[in-house]
Amino acid sequence: MERKGAQKKQVSFAGKTNAAGQQKKPANGRVKNEKPETSREALQSANEELTTINDELSIRNAELKGANDYTGMIIESLNDALLIMTADLKIKSANKSFYRSFKLTPDQTEGTYLFDLGGGMFHIPRLRKKLKSLQTKNAGFSDLEITQTFTTAGTRTFLLNGFRSLPAIPGSTIILTMQDITSRKEMEEQLMENEERFRLLVQNSSDIITVFSEDGTVLYESPAIESVLGYNPNERIGRNINMDVIVHPEDKEHKLGLLKKAALHPDTNITGEFRLRHKNGSYRTIDAIFRSFLNNKKINGIIANYRDITDRKILEQQKDDFIGVASHELKTPVTSIKAYSQILEELFKKSGDTRSAELVSKMNLQVDRLTTLIVDLLDFNRIEGNQLKFREESYALNELITELTEELQRTTRQHAIITRLDRPVQMKGDRYRTGQVLSNLLNNAIKYSPKGKEVIITTAVDDRQVTIAVQDFGVGIEKEHLNKVFERFFRVAEPVINTFSGLGLGLYIAAEIVRRQNGKIWVTSEKGKGSTFYVSLPVFKYSAGINILHPGKKVD
C-alpha cells in the first residue's frame, strides 16, 4: 500500500524540480521538453504584432492615398496652370488648366524638359534666370510678370510662382504655377488709356472743371481757369466759396444756393448763371452745372462745369436791343397804315366800290397780323429783359371774356364761340394782360381748327381760384409735344401745322403772363380731335381784410 502511494506521489510531481533544483524524473524515467511550447507562444505574439502593424500600415496607406487624391483634385481644380518638374526641370505632370491654357496634351508635355516644350516657347531669359536660382540656391520666386507670344497659345501675360515641394531638400521636386492675367492687363491698359484720355479732355477743355468739397472748398481746378479768368489753378485750390472774393457780390448767395441744392440732390444736374471776376478786374458771366458725387468714394465731391458765356450774353443783349428798337419803330408806321386803311375802307363803302372795300378789308386783316407779331416781339423782348410790367387792378372776369368773344366772333364766320361761364367773379391783376392771354388761346383755337365749327370757353370758380378752359376741335397736338408748346419759338415740325403762320411766341408769352400773376397754364390734347388749354388764376375777394392774391398784404 505504501509503495502504491509513493508511486502516485512521484507521478504527481513529474516534471517538477527537487529541492536541489534538479528536475525530477517521471515514473517512466523521461524528462519533458518545454522549449517548443515557448517558441510557439513567442511566434504567435510576434504574428499578432505584425498583424496589428499591417493593419495600421494599411490605414496609413489609405489615408496617404486619400490625401494624394485630395491634393490631386485640388491641383486639377486650380484655375492657374501648374507644372510639377524634377530638379533638372523635366516635366513630371501638369494640371488641366495648363493643358487648356497652352493647348497641349499630356503626351506632348510629360517627360519633356521645360525649355524644350512647344518648340522652346518657355525659353524666356527672365524665367530661366529665376529657375536657375531656384535650382542652385533654393531661392523661390513669386509674381514674376511676363508677356510672351507662345506658339500654342498666342500672346499672353502670366504671373509666375516657382518653389520646391520640400524647400530644405535641394534635389526635391520643383513646382511652377502660372496665373493668366491677360484679360486683367488689357482692362488695366484700357482703363489707363481712358484715364489719360479723360485727363487730356479735362486739361484741354475750354470749360472750367472744378471739384468742391461739401463745405464749398475748392479741391481741384482745371487749367482752363487760366484762359477764362486769368488765375493759376494753384491760386484757387483750398479757397472756400463762402469767402470767395471772385464771385460778384450780388451773385454770391445764388452760387451758394446752387452748391447746396446740388449737395441735397445727388446725381442731378443743377444749373444756373452767375458772374466771376477776372484777374484783370472785369467780370465774366458763367453758365454753371453742378452735380454731386459726394456718395462716390472715388470722387467724394461736387463737380462744377463752368462755361464762359459773356460774349454770348452780349450778343443776345444786342439782339434783344435790336428787336426792341425795330419792333418799337415798326409799331408807329403800322399804326398809321391801319388808320389810313380803315379810312379808305369807309370811303370805298360810301362810294359803293365794294370790290375795293373788300380788298382794303383784307389788307386790314394783314395789318392786324403784323401788329400782333410786333406786339409779340416787344413783349418777348420785355420778358427776356425782365421788364414786362403789370398793372394791378380789380376787374370782372366774365365781362372781360364776353367782350373778347364778341370781338373775336366778328373775325370768323365759320366758328361759333360758345361761352359757358360760372358765377361772376372779381379778379385782381392786369386786365389787359389777362385779356392778351385769352385772346391768344381763342385765336389759336380758331386757327388750328380749320374744319371745326365750335370753340368753347368755360370757367369754373371755387373759393381760391378760377379755371378757364378754351376748347377746340381741330388738328390736336402729339403727346410728346405737350410739354414743349409753351417754350419760346417752339413750332411743331409737321406739314399740317407748318401751314399756319406765327413765330412760336404767343404761348410762351401767355405762359409768362400767367406765371407772373401766380397762375398756372397747361394743355390736354388728342391728335386729330382737338385741344383744350387751361388757365388757372387766383381770385380776389375781401375776407377779414386779407388779400387772397397777396396773402401777406392787407387790404386797404
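Under a 4.0 Å N-O distance rule, the pair Glu188/Arg184 qualifies as a salt bridge. With salt bridges taken as basic N to acidic carboxylate O contacts below 4.0 Å, none links Arg239 and Glu221. Note on Asp287 versus Arg307: no salt bridge recorded, every NZ/NE/NH1/NH2 to OD/OE distance being 4.0 Å or above.
Around the CD atom of Glu393, the shell of radius 6.0 Å holds more than 12 heavy atoms that belong to other residues, nucleotides or ligands. Remark: Asn483 CG is loosely packed, at most 12 non-hydrogen atoms of other residues, nucleotides or ligands lying under 6.0 Å away. Counting heavy atoms of neighbouring residues, nucleotides and ligands inside a 6.0 Å radius, atom CD of Glu214 does not exceed 12 of them. The environment of Tyr340 atom OH is sparse: at most 12 non-hydrogen atoms of other residues, nucleotides or ligands sit within 6.0 angstrom. Residue His254 qualifies as enclosed at atom NE2: its count of foreign heavy atoms under 6.0 Å is above 12.
Asp353 and Ser351 share no side-chain donor-acceptor pair at under 3.5 Å. Side-chain atoms of Ser531 and Asp472 include no donor-acceptor pair closer than 3.5 Å. Side-chain contact of Ser97 with Arg100: a donor-acceptor pair under 3.5 Å is present, judged by distance alone.
Residues that satisfy the salt bridge (charged side-chain N to carboxylate O under 4.0 Å, His left out) test with Glu406, not counting sequence neighbours, are absent from this structure. For Leu482, the side chain to side chain contact (heavy atoms under 4.5 Å, CB included) partners are Ile477, Val523, Ser525, not counting sequence neighbours.
A tilted orientation is assigned to the rings of Phe290 and Phe274, their planes being inclined by 30° to 60°.
In this structure, the side chains of Glu273 and Lys313 come closer than 4.5 Å at one or more pairs of heavy atoms. Within the 4.5 Å cutoff, the side chain of Arg236 has heavy atoms near those of the Ile246 side chain. In this structure the side chain of Tyr306 never reaches within 4.5 angstrom of the side chain of Ile225, judged on heavy atoms.
Between the side chain of Glu235 and the backbone N or O of Asn232 there is at least one donor-acceptor pair closer than 3.5 Å. In terms of modelled atom types and a separation under 3.5 Å, the side chain of Thr182 and the main chain of Thr157 share a donor-acceptor contact.
Checked options Glu392, Glu399, Glu403; the residue passing with Arg431 is Glu403 (criterion: salt bridge (Lys or Arg N to Asp or Glu O under 4.0 Å)).
Between Ser222 and Pro233, the shortest heavy-atom distance links the atoms O-CG, 3.9 Å. Nearest heavy atom pair, residue Ala262 against residue Ile302, reads CB-CG2, 4.2 Å. Considering all non-hydrogen atoms of both residues, Thr152 and Lys103 come closest at O-CD, 3.3 Å.
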After noting the C-alpha distance and the side-chain angles of Glu346 and Lys350, does the key distance pass the salt bridge (charged side-chain N to carboxylate O under 4.0 Å, His left out) rule?
-> CA-CA 6 Å; Glu346 290 298 322; Lys350 287 180 181 179; 5.6 Å; no

